[in-house]
Amino acid sequence: MNRSSNEIWINADNYDDWETSRPLLFRDDMRDTFFRWFRIKPNHKVLDGGCATGVLTRFIAKGLTTGAITGFDISPHFVKYGNKKIKDSGLAAKAKIVVEDGFNLSFADNTFDTVVNHAYLGVLSDNMAGLKEMIRVCKPGGNVSASVSARNFPKLKWEGDCSFLGKDRLNELIEKQEKAYRKITTVTVLKQDSHWKVMRFPKMFAVCGLKEITIHPYAAGFSYSDSYWSDEFKRFKIMSALGREIEILEKQRSNPKYAENGFSEQEFKELIDLYKLKQQYLINNIDNNDSWNWSASMHYIVSGTKS
Ligand SMILES: C[S@@+](CC[C@H](N)C(=O)[O-])C[C@H]1O[C@@H](n2cnc3c(N)ncnc32)[C@H](O)[C@@H]1O
């Protein structure tokens, strides 16, 4: 079994990545639907694989009555931070996160009614080995699901009426930088399995023996003027999500491979400056309902039953 992806994740501590992006997927007004698609009942014993800081774990815990959820992750930083979030949210009686290696789980066979994950199986160097471990710990008749970000679909975007002056140039540079990133950061660099690409997961579920397989696509969208989101969350997203982009770009700009693949040092500088301008614009205009550029991305949930 190829476990090399563990090297990448074991010390991960990028908490804000998950806390700012995952609430867009797992919205409170979608909980009943997700319970149906993941096949979770409120009294179930649930396992959430590769849960990071546990945004999905907490989302599910809120819908459980007599049930309970355990999240696992290989990064002790995520587990510590995630358990604090669980405690602060008043969910400690029905949720916890533990350190586990998904290639070799310590849970006994047939322990959980439902096993789920979001964006976990896809980061593994051996997707099938990770899935088989999740199936092993699921009870016969129980269900295993994966929520998957479907990267092959283009993002739905509308640049809208946000009056931030640099927006067109910013979007141009983002696309150009992303193209260079995709050339440099291959699945081999990320130590991911290149055989089971994310769109093939339903087939992988069948190959691993799961029955009654279903696929449910869904989209996640965000706009800074969408009243679903609190001002507190919008501020957090402006500072953390855009701040994180800037932080990543600052690290990447010294890598000469970007210039070789069509994105220059000068463009990095311009892109970072434009992100900072946008951040300032959004903070200054948080109350005026002006920032109506928005985007949405596709995801899907695949589920199957263990015989
Ligand atoms: C892309 S993140 C997704 C996190 C989370 N499920 C979410 O969507 O917010 C992948 C997660 O899988 C975890 N992971 C990677 N390899 C693992 C392994 N062998 N065992 C357990 N967790 C692992 C990483 O630490 C990381 O938190």
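Ligands are counted one by one from 1 in listed order, and the atoms in each one are counted from 1 as well.
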Counting heavy atoms only, which part of [X] comes closer than 4.0 Å to ligand 1: side chain, backbone, both or neither?
{"X": "Val123", "answer": "side chain"}
{"X": "Glu100", "answer": "backbone"}
{"X": "His118", "answer": "both"}

What residue and atom, counting heavy atoms only, is the protein's closest point to atom 1 (C) of ligand 1, and at what distance?
Ala119 O, 3.2 Å

What protein heavy atom sits nearest atom 12 (O) of ligand 1, and how far off is it?
Tyr120 CD1, 3.6 Å

May I ask whether [X] has any heavy atom positioned less than 4.0 angstrom from an atom of ligand 1?
{"X": "Leu124", "value": "yes"}
{"X": "Cys51", "value": "yes"}
{"X": "Val55", "value": "no"}
{"X": "Leu56", "value": "no"}
{"X": "Ala12", "value": "no"}

Can you tell me if [X] uses its side chain to pair, donor with acceptor, with the backbone of [Y] under 3.5 Å?
{"X": "Arg58", "Y": "Ala95", "value": "no"}
{"X": "Lys94", "Y": "Leu64", "value": "yes"}
{"X": "Asp226", "Y": "Phe222", "value": "no"}
{"X": "Ser5", "Y": "Ser125", "value": "yes"}
{"X": "Gln279", "Y": "Ile238", "value": "yes"}
{"X": "Ser303", "Y": "Phe38", "value": "no"}

By number and element, which atoms of ligand 1 are closer than 4.0 Å to a non-hydrogen atom of [X]?
{"X": "Gly102", "result": "18 (C), 19 (N), 20 (N), 21 (C)"}
{"X": "Trp18", "result": "1 (C), 2 (S), 9 (O)"}
{"X": "Asp101", "result": "18 (C), 19 (N), 20 (N)"}
{"X": "Phe72", "result": "21 (C)"}
{"X": "Ala52", "result": "4 (C), 5 (C), 27 (O)"}

Take Asp113 and Lys41 through the test side-chain contact (heavy atoms from CB on, under 4.5 Å) and record every step on the way to the result.
CA-CA 9 Å; Asp113 299 299; Lys41 296 275 184 298; over 6 Å; no

Any side-chain heavy-atom pair from Ile135 and Leu210 closer than 4.5 angstrom?
yes

Between [X] and ligand 1, does any nitrogen or oxygen pair lie at a separation below 3.5 Å?
{"X": "Asn6", "value": "yes"}
{"X": "Phe103", "value": "no"}
{"X": "Arg22", "value": "yes"}
{"X": "Ile74", "value": "yes"}

Filtering Gly50, Ser149, Ala129, Gly71 for the heavy atom nearest atom 4 (C) of ligand 1 leaves Gly50

When the ring centroid of Phe263 is compared with that of Tyr181, is the distance short of 6.0 Å?
no

Aromatic contact between Phe72 and Tyr120, with the criterion being ring centroids under 6.0 Å apart: yes or no?
yes

Asp73/Ser75 under side chain to side chain donor-acceptor pair (under 3.5 Å): CA gap, chis, key distance, verdict:
CA-CA 6 Å; Asp73 203 278; Ser75 158; 4.7 Å; no

Ile283 atom CD1, neighbour heavy-atom count above 12 within 6.0 Å:
yes

